[in-house]
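Presented below is the structure to which this report refers.
Residue numbers start from 1 in every chain, and the chains themselves are labelled A, B, ... in the order their sequence lines are given, proteins ahead of strands. Note: hydrogens, waters and symmetry copies are ignored here, and every other heavy atom, side chains too, is used.
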Amino acid sequence: MTSKIINMAERIKDAEDRVLESMFDAAPIADNGFSGQIVKRIRRKLWIRRVTLPLAVLLGLLVAFRPMAAVVKGVYDLLLSMPGDLVPSLAGTLPSLQIIVTGALILVVAMFSLSMLED
Amino acid sequence: MAWGEDHELVARVVSVQDTRAFGELIRRHQSHVRNFLRKLSGDMSAADDLAQDCFMRAWDKLHTYSGRGSFIGWLLKIAYTTFLQSKRKSKRYAEILEQVGHASEAESRTHTMQADETGDLDKFLAVLSEEERAVMVMSYACGLSHREISEATAMPVGSVKSVIFRGKEKIRTSFDIKDHQHG
């Protein structure tokens, strides 16, 4: 009720208000490619955002591949060198080093492909 | 393609990042935003740069638009904040230039900001403070209600009313408005 009264009061304009309105009234500004320019900027921004993450991941993988492979190989060798009575069935169940590294890479790529598809 | 209401376009942009829907929102409101910033800054090209920044920010913050008030009110709030921030930045820049002894360069920048045709409206606006100018333009040029102006400027509705009253008073004492009515 109160807000209705306020709105009504706002709508009642005196002559001075009408003169001010006509003074402030300006011709509409033509778009002339203004909106297109902004949309282009936004699309570029979106594209950069989409490309940056996978690129960073790829670079990270390239940089981290050697140390990661060394760590995996170290752990693998350690497990193999353990006495047979401690880990009796380990030697038979562990896959080869190449399979472990390839599996890890496939997992990472699949996870990123999924997240990109979601986007 | 027939586009719907503003809030439908906003929903499309927020949910699927539809840049075409956002382009339509810009096309609908660019005139008001650019007019507002032109009147506030007094410089057409600077105002258009600010309008671009304003729409870029609007894109980033669109998810914060609740849909309660009008979309143009929300946009003008961003435009006003963008204007105030750029003014603060250029003031800081002028101070730095002054400190390193490039006062003339700082001065010329300020002059460029003020350079443009000075019509009747510019004379009216010149007697107003920045705050009064923003509120008066929002009210008389963009047709925003007092409540919408209050949301856009983060001022209580009572203050908006008194700013408008003060602005009108200043214009009245500086110019004879009725003269303008009759040409």
Contact part of B:Val16 toward chain A, heavy-atom cut-off under 4.5 Å: side chain, backbone, both or neither?
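Neither part; nothing is under 4.5 Å.
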
Is chain A contacted by the side chain of B:Leu125, its backbone, both, or neither, given a heavy-atom distance below 4.5 Å?
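For B:Leu125, the contact with chain A is made by the side chain alone.
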
Can you tell me how far apart [atom1] ([X]) and [atom2] ([Y]) are? Round to the nearest 0.5 Å.
X: B:Gln17; Y: A:Arg49; atom1: CD; atom2: CZ; value: 6.5 Å
X: A:Ile38; Y: B:Asp53; atom1: CD1; atom2: CG; value: 9.0 Å
X: A:Arg41; Y: B:Thr19; atom1: CZ; atom2: OG1; value: 14.5 Å

Say whether [X] and [Y] are linked into one hydrophobic cluster, either directly or through other cluster members, by side-chain heavy-atom distances under 4.5 angstrom.
X: A:Val108; Y: A:Leu58; answer: no
X: A:Val39; Y: A:Leu46; answer: yes
X: B:Val127; Y: A:Leu20; answer: yes
X: B:Phe165; Y: B:Val163; answer: no
X: A:Met111; Y: A:Leu53; answer: no

Counting C-beta onward and ignoring hydrogens, is there a side-chain heavy-atom pair between [X] and [Y] closer than 4.5 Å?
X: A:Phe24; Y: B:Asn35; answer: no
X: B:Gln30; Y: A:Ser35; answer: no
X: A:Phe34; Y: B:Arg34; answer: yes
X: B:Arg28; Y: A:Asp31; answer: no
X: A:Ile29; Y: B:Arg38; answer: yes

Most contact-rich option vs chain A, by heavy-atom pairs under 4.5 angstrom, among B:Met136, B:His32, B:Glu24, is B:Met136

Among B:Ser139, B:Cys142, B:Gly143, B:Ala141, residue most engaged with chain A (heavy-atom pairs, under 4.5 Å)
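Among B:Ser139, B:Cys142, B:Gly143, B:Ala141, the one with the most close pairs to chain A is B:Ala141.
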
A:Val51: hydrophobic cluster co-members (side-chain, 4.5 Å):
A:Trp47, A:Ile48, A:Leu55

For the NZ atom on A:Lys45, are there more than 12 heavy atoms of other groups (residues, nucleotides or ligands in this structure) within a distance under 6.0 Å?
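More than 12 heavy atoms, drawn from other residues, nucleotides or ligands, come within 6.0 Å of this atom.
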
